[in-house]
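Report on the following structure.
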Amino acid sequence: MTLRRRGEKATISIQEHMAIDVCPGPIRPIKQISDYFPRFPRGLPPDAGPRAAATPDAPARPAAASAGRRSPSDGARDDDEDVDQLFGAYGASPGPSPGPSPARPPAKPPEDEPDADGYESDDCTALGTLDFSLLYDQENNALHCTISKAKGLKPMDHNGLADPYVKLHLLPGASKANKLRTKTLRNTLNPTWNETLTYYGITDEDMIRKTLRISVCDEDKFRHNEFIGETRVPLKKLKPNHTKTFSICLEKQLPVDKTEDKSLEERGRILISLKYSSQKQGLLVGIVRCAHLAAMDANGYSDPYVKTYLKPDVDKKSKHKTAVKKKTLNPEFNEEFCYEIKHGDLAKKTLEVTVWDYDIGKSNDFIGGVVLGINAKGERLKHWFDCLKNKDKRIERWHTLTNELPGAVLSD
């Protein structure tokens with residue numbers, strides 16, 4: 001050791017510094033700083049907790065005796081115990097204790113741990129929240145979607161604001177046929193729409209297997225509209241004729257399942273009314289509206305109209321046709337045709353209803369059709385029988401259009 005004179009400060013060489021407080025024994029790995037601050041993203045593990053204290057009946061071994069019989073395997077075991085202590089509770093002493101570990105109170109379970117479904121991720125604050133309500137009107141086969149407001153939307157424009165609007169799709173089968181959208185509100189991150197969008201022709205089967213996709217987008221006049229966030233609601237969560245309110249954090253765009261069952265694809269729906277009028281001695285057929293029609297034109301729309309036949313039609317005079325509705329997949333016709341026929345003869349007749357896309361300069365395209373009559377099945381047969389049993393009563397039903405219509409000529 002270096003000698004020093006009286007009054008001089010002690011100087012220690014680097015060799016002497018490294019030799020101070022060196023204890024004999026096995027060489028242990030240097031702990032990383034993260035070992036002293038374990039991180040758990042959702043709280044402590046359920047099985048983590050302080051190690052059990054030594055039982056009072058167990059004899060305590062002297063520290064010196066245990067140190068004298070220490071082996072490298074014992075050192076490794078102690079290291080494992082140190083790590084267990086670190087993961088058992090925050091602030092635990094990393095060093096081994098000379099005697100039996102003192103008893104510790106049991107760790108308290110984390111309080112008010114958020115549920116996995118209600119956990120708010122960073123997307124909630126980054127993309128914003130959306131308030132809306134849904135109502136399934138079972139009697140009128142309608143789904144009413146009221147878009148109330150959004151809060152804290154992600155800025156999309158250079159001015160730090162956005163021009164938001166909301167659009168709806170029904171999955172599976174998202175297309176322009178079932179797309180609805182609100183108006184666009186300018187320069188705001190907290191828009192209030194209070195707008196109700198309605199899907200018609202929704203059946204109980206749809207409520208079981210379909211999902212409503214609600215997307216919030218930013219409208220841009222000079223570029224493509226930009227996606228902000230979305231949420232999805234399985235319709236089976238709704239009770240008929242009961243309004244359910246939602247306040248949901250928007251999520252990033254979710255992938256659409258491209259392996260959807262192709263058998264679920266439809267050509268559209270049609271709302272037909274039937275009534276046998278005793279006064280007019282005839283069958284009144286009303287073509288009310290269509291919904292979710294297949295797009296037949298290059299612009300993603302159709303120019304639909306409807307034709308009806310009452311067959312067998314020996315005189316070829318039973319054809320009726322509605323007006324053409326331009327560029328729409330959800331047309332409203334509200335037209336009614338009268339077939340003069342005795343009530344007793346209706347049991348032998350079949351009503352064929354077909355929907356077409358009008359084209360200029362070429363053949364019109366067949367969209368879909370439906371047959372009502374004695375040879376029909378399911379709801380189509382029931383609709384026909386209800387009309388025959390209830391004279392002078394107007395009965396409306398939604399029917400699914402098929403791409404094949406037996407007995408019909410698929411040309412116009």
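Position 1 is the first residue of the sequence; numbering continues from there. Every heavy atom of this structure was used, including side-chain atoms; hydrogens, water molecules and symmetry mates were not.
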Closest non-hydrogen atom pair between L130 and I214, with its separation: CD2-CG2, 3.6 Å
Cationic tip of R269 above Y200 ring, under 6.0 Å, 45° of axis: no
Separation of T182 OG1 from L168 CG (nearest 0.5 Å): 8.0 Å
Test applied, side chain to side chain contact (heavy atoms under 4.5 Å, CB included); reference residue, L134; option that passes from T245, T243, L212: L212
Sub-4.5 Å side-chain heavy-atom contact between H242 and L135: no
Side chain H343, main chain L388, donor-acceptor under 3.5 Å: yes
N/O donor-acceptor pair under 3.5 Å between S318 side chain and L310 backbone: yes
Candidate pair L171 and R232, rule side-chain contact (heavy atoms from CB on, under 4.5 Å), full reasoning: CA-CA 9 Å; L171 303 177; R232 299 186 184 184; 3.8 Å; yes
Minimal non-hydrogen separation, P155 against G160, with atom names: CB-O, 3.3 Å
Stepwise side-chain contact (heavy atoms from CB on, under 4.5 Å) check, L274 with L372: CA-CA 10 Å; L274 298 179; L372 307 178; 3.9 Å; yes
Backbone of Y301 reached by a side-chain donor or acceptor of N299 within 3.5 Å: yes
Reference residue V353; test side chain to side chain contact (heavy atoms under 4.5 Å, CB included); the match among V371, L401, I270: I270
Side chain proximity check, L153 to L250, heavy atoms < 4.5 angstrom: yes
Contact summary for I374 and F385, nearest pair of heavy atoms: CD1-CZ, 3.5 Å
Aromatic ring pairing H320/F337, orientation class (parallel under 30°, perpendicular over 60°, tilted between): parallel
Check: I228 and C217 side chains under 4.5 Å, non-hydrogen atoms: no
Worked check of salt bridge (charged side-chain N to carboxylate O under 4.0 Å, His left out) between E230 and R213: CA-CA 7 Å; E230 72 169 40; R213 177 188 182 188; 2.9 Å; yes
Side-chain donor or acceptor of S302 paired with backbone N/O of A294 under 3.5 Å: yes
Under-4.0 Å salt bridge between E352 and K311: yes
Any K237 side-chain heavy atom under 4.5 Å of K244 side chain: yes
Any donor-acceptor pair under 3.5 Å from T402 side chain to G369 backbone: yes
pair I367-M296: side-chain heavy atoms closer than 4.5 Å: yes
Salt bridge flag under 4.0 Å for residues E195 and K149: no
Side-chain donor or acceptor of W193 paired with backbone N/O of K183 under 3.5 Å: yes
Value rounded to 0.5 Å, distance of CE in M156 from CG in L189: 10.5 Å
Parallel, tilted or perpendicular: rings of H383 and H399 (30°, 60°): parallel
Interatomic distance, N194 atom CG to T146 atom OG1 [nearest 0.5 angstrom]: 8.5 Å
From CA spacing to verdict: side-chain contact (heavy atoms from CB on, under 4.5 Å), V355, C290: CA-CA 9 Å; V355 183; C290 294; 4.3 Å; yes
Contact check, side chains of K252 and L127, non-hydrogen atoms, under 4.5 Å: yes
Heavy-atom donor-acceptor pair, N330 side chain to H292 backbone, under 3.5 Å: yes
Heavy-atom closest pair, residues F132 and V233: CZ-CG2, 3.9 Å
Closest non-hydrogen atom pair, G282 against C338: CA-SG, 4.5 Å
Separation between CZ of R394 and SG of C387, rounded to the nearest 0.5 Å: 11.5 Å
pair D297-D359: side-chain heavy atoms closer than 4.5 Å: yes
E396/V288 under side-chain contact (heavy atoms from CB on, under 4.5 Å): CA gap, chis, key distance, verdict: CA-CA 9 Å; E396 282 188 359; V288 183; 3.8 Å; yes
D345/K349 ion pair, N-O < 4.0 Å: no
Heavy-atom donor-acceptor pair, N225 side chain to D220 backbone, under 3.5 Å: yes
Shortest non-hydrogen separation from A162 to D157 and the atoms involved: CA-OD2, 3.6 Å
T308 and Y339: side chain donor to acceptor below 3.5 Å: yes
D163 and K221 ion-paired at < 4.0 Å: no
Interatomic distance, K275 atom NZ to K391 atom NZ [nearest 0.5 angstrom]: 13.5 Å
Donor-acceptor under 3.5 Å (D303 side chain, K327 main chain): yes
Pairs satisfying side-chain hydrogen bond (donor to acceptor under 3.5 Å, both in side chains), at least one member in residues 132-144, at least two apart: Y136-D204, D137-N140, Q138-D204, H144-T198
Between Y305 and N364: side-chain donor-acceptor atoms closer than 3.5 Å: yes
Under 3.5 Å: donor-acceptor pair, side chain of Y199, backbone of N178: yes
Straight-line distance of D206 CG to T211 OG1, nearest 0.5 Å: 11.0 Å
R186 bridged to E219 by N-O distance under 4.0 Å: yes
Side-chain heavy atoms of I341 within contact of L346, under 4.5 Å: yes
